[in-house]
Student: 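The structure under discussion is supplied below as structure tokens; questions concerning it will follow.
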Amino acid sequence: MSIYDLFNIQGCTALITGAGRGIGRVIAYTMAEAGCMVALLGLHRENLEKVAGELGGKCEKILVLPADVSRRDEIDASFQQVESTFGRLDICINNAGVSQQVPAEDISEADWERIIDVNLKGVFLCCQAAARLMIPKKSGTIINIGSISASAVNVPQKQAVYNASKAGVVMLSRSLAVEWAPHGIRVNSLSPGYIETEMTRSTMSHLFPVWRELIPMERLGKPDDLRGALLYLASDASVYMTGHDMIVDGGYMAR
Ligand SMILES: NC(=O)c1ccc[n+]([C@@H]2O[C@H](COP(=O)([O-])OP(=O)(O)OC[C@H]3O[C@@H](n4cnc5c(N)ncnc54)[C@H](O)[C@@H]3O)[C@@H](O)[C@H]2O)c1
């Protein structure tokens, strides 16, 4: 087998959550370009259909699944649709997430619940639904999008709940990796540093110059900077890697 064959995921099926924009959109592109059939899951049908339209020529089959990752009924129905359409799920990439910057002493209980529900419970529900399809096939790869905020308290923004949710994602991934290794399922997290997307642009663009000073590579990342790591984690190139948190951050965490 050539070294390039290890990265071959042609003909696999991949589900991506939060696929309608930002990092999720680039994940969908990456999987489609690598020859996967893709299921695009997210809150807004129109965004998902726009991405599906863009992917058109690249992809043999595309499934659009409008659903909220924090709702078990919607997630179970979506994964059932994946099974009935594709017959199997090889790669599940849990990317949907929300962030909020509020001092911890002011954050409301409702906001705590919303962030934990989407970022942590949502990842768990999708991992569980994915594993139920993967266990009978004795194979599968799950990639959960964490963050450098799982292991560092980013400054100057105040986002204790987001940080806690992402630390939960990394530890959940490690725990599931150990539980599901005997079933042939690998679970890793991919933790980006600061990436320029609507999430960061909408409320934190005034902090970009501050962050740049803290990043050894002196620039924010682009969603495209994650493509290589995604293909590596999704493919047999990482066949002996599970329970790992892969950080892609322009050197931020190295300081
Ligand atoms: N942008 C960054 O700097 C950065 C850094 C580290 C980690 N991340 C993580 O990467 C992921 C993607 O971030 P992004 O920057 O592309 O953000 P984004 O806000 O541009 O995209 C997030 C996507 O998730 C979807 N989503 C939100 N709640 C959902 C729900 N309940 N159910 C289904 N879909 C839902 C949104 O509709 C959107 O399409 C997030 O988990 C985020 O925490 C981002």
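The shown structure was predicted, so the numbers you read here are calculated from the model rather than taken from an experiment. Atoms within each ligand, like the ligands themselves, are counted from 1 in listed order.
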Student: To the nearest 0.1 Å, how far is atom 26 (N) of ligand 1 from its closest protein heavy atom, and which atom is that?
Tutor: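 The closest one turns out to be Ala96 CB, 4.0 Å.
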
Student: Distance to 0.1 Å, residue and atom name: give those for the protein heavy atom nearest to atom 44 (C) of ligand 1.
Tutor: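 Ranking protein heavy atoms by distance from atom 44 (C) of ligand 1, first comes Ile23 CD1, 3.7 Å.
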
Student: Considering only protein heavy atoms, which is closest to atom 6 (C) of ligand 1, and at what distance to one decimal place?
Tutor: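 The answer is Pro192 O, 3.4 Å.
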
Student: Any luck finding a side-chain donor-acceptor pair between Asp117 and Ser70 under 3.5 Å?
Tutor: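 There is no such pair (donor and acceptor under 3.5 Å, judged by atom type) between the side chains of Asp117 and Ser70.
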
Student: Please tell me whether Gln80 and Arg132 have a donor and an acceptor in their side chains that are separated by less than 3.5 angstrom.
Tutor: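 No.
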
Student: As a check for students: among Ser202, Ser147, Gly193, identify the option with a heavy atom nearest to atom 4 (C) of ligand 1.
Tutor: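 The nearest heavy atom belongs to Gly193.
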
Student: Counting non-hydrogen protein atoms only, what is the nearest one to atom 25 (C) of ligand 1? Give residue, atom name and distance.
Tutor: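 Checking every protein heavy atom, the shortest distance to atom 25 (C) of ligand 1 gives Gly18 CA, 3.8 Å.
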
Student: Distance to 0.1 Å, residue and atom name: give those for the protein heavy atom nearest to atom 8 (N) of ligand 1.
Tutor: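 The closest one turns out to be Tyr162 OH, 3.6 Å.
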
Student: Checking side chain to side chain contact (heavy atoms under 4.5 Å, CB included) for the pair Met134/Leu89: CA distance, chi angles, key distance, verdict?
Tutor: CA-CA 6 Å; Met134 291 171 175; Leu89 178 63; 4.1 Å; yes

Student: Among all protein heavy atoms, pick the one closest to atom 18 (P) of ligand 1 and tell me residue, atom and distance.
Tutor: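 Among all protein heavy atoms, the one nearest atom 18 (P) of ligand 1 is Arg21 NE, 3.4 Å.
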
Student: Can you give me the closest heavy-atom contact between Val38 and Ala28, atom names plus distance?
Tutor: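 Smallest interatomic distance, heavy atoms only, reads CG1-O, 4.2 Å.
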
Student: Is the closest side-chain donor-acceptor distance between Ser173 and Asn144 under 3.5 Å?
Tutor: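 Short answer, yes.
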
Student: Do you know which two heavy atoms are closest between Thr197 and Gly22, and how far apart they sit?
Tutor: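 Closest heavy-atom pair between Thr197 and Gly22: CG2-CA, 4.2 Å.
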
Student: Under 4.0 Å from any heavy atom of Asn95, which atoms of ligand 1 are there?
Tutor: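 Once the distances to Asn95 are compared, the set is 10 (O), 11 (C), 12 (C), 40 (C), 41 (O).
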
Student: Classify the angle between the aromatic ring planes of Tyr194 and Tyr252 as parallel (below 30°), tilted (30 to 60°) or perpendicular (above 60°).
Tutor: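 Rings of Tyr194 and Tyr252: perpendicular, as their planes differ by over 60°.
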
Student: Looking at ligand 1, is there an atom of it that comes within less than 4.0 Å of some heavy atom belonging to Lys166?
Tutor: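 Yes; Lys166 lies near enough to ligand 1 that a heavy-atom distance drops under 4.0 Å.
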
Student: Can Thr17 be said to touch ligand 1, with heavy atoms closer than 4.0 Å?
Tutor: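 No, Thr17 has no heavy atom closer than 4.0 Å to ligand 1.
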
Student: Considering the heavy atoms of Tyr194, write down every atom of ligand 1 situated less than 4.0 Å from one of them.
Tutor: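 Matching atoms, with element in brackets: 3 (O).
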
Student: Which atoms form the tightest heavy-atom contact between Ala32 and Leu55, and what is the distance?
Tutor: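 Taking every non-hydrogen atom into account, CB-CD2, 4.0 Å.
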
Student: At the 4.0 Å heavy-atom cut-off, does Ala19 count as touching ligand 1?
Tutor: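 Not so, Ala19 does not reach ligand 1.
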
Student: Going by heavy-atom distance to atom 27 (C) of ligand 1, choose the closest among Ser165, Ser149, Gly97.
Tutor: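 Closest candidate by heavy-atom distance is Gly97.
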
Student: Hydrophobic cluster membership, with links at side-chain heavy-atom distances under 4.5 Å among I/L/V/M/F/W/Y: are Ile145 and Leu125 in one?
Tutor: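 No; Leu125 is not reachable from Ile145 via cluster members.
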
Student: Specify the closest pair of heavy atoms between Ala67 and Ile75, including all atoms of both residues, with the distance to one decimal.
Tutor: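 Looks like CB-CD1, 4.5 Å.
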
Student: To which protein heavy atom is atom 31 (N) of ligand 1 closest, and what is the distance rounded to 0.1 Å?
Tutor: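 Atom 31 (N) of ligand 1 sits closest to the protein heavy atom Asp68 OD1, 2.9 Å.
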
Student: Could you tell me whether Val118 approaches ligand 1 through its side chain, its backbone, both or neither, with non-hydrogen atoms closer than 4.0 Å?
Tutor: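 Just the side chain.
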
Student: Tell me whether atom 36 (C) of ligand 1 lies less than 4.0 Å from at least one protein heavy-atom position.
Tutor: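 There is no protein heavy atom less than 4.0 Å from atom 36 (C) of ligand 1.
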
Student: Is it the case that more than 12 heavy atoms not belonging to Glu213 sit under 6.0 Å from its CD atom?
Tutor: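 12 or below, so no.
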
Student: Can you list the atoms of ligand 1 that are under 4.0 Å from a heavy atom of Gly22?
Tutor: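 Going through ligand 1 atom by atom, the ones under 4.0 Å from Gly22 are 16 (O).
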
Student: Show the atoms of ligand 1 that are less than 4.0 angstrom away from any heavy atom in Thr200.
Tutor: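 Result: 1 (N), 2 (C), 3 (O).
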
Student: Ignoring hydrogens, what is the shortest heavy-atom contact between Ser191 and Val170? Give both atom names and the distance.
Tutor: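 Shortest heavy-atom contact: OG-CG2, 4.1 Å.
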
Student: Does a side chain donor of either Tyr29 or Glu54 reach within less than 3.5 Å of an acceptor in the other side chain?
Tutor: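 Yes - a donor-acceptor pair under 3.5 Å links their side chains.
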
Student: Considering heavy atoms of the protein only, find what lies nearest to atom 14 (P) of ligand 1 and give residue, atom and distance to 0.1 Å.
Tutor: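 That would be Thr197 OG1, 3.6 Å.
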
Student: Is the contact between Ala67 and ligand 1 made by the side chain, the backbone, both, or neither, using heavy atoms and a 4.0 Å cut-off?
Tutor: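 Backbone only.
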
Student: Please work out, at 4.0 Å between heavy atoms, whether the side chain, the backbone, both, or neither of Val69 comes within that distance of ligand 1.
Tutor: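 Both backbone and side chain of Val69 come within 4.0 Å of ligand 1.
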
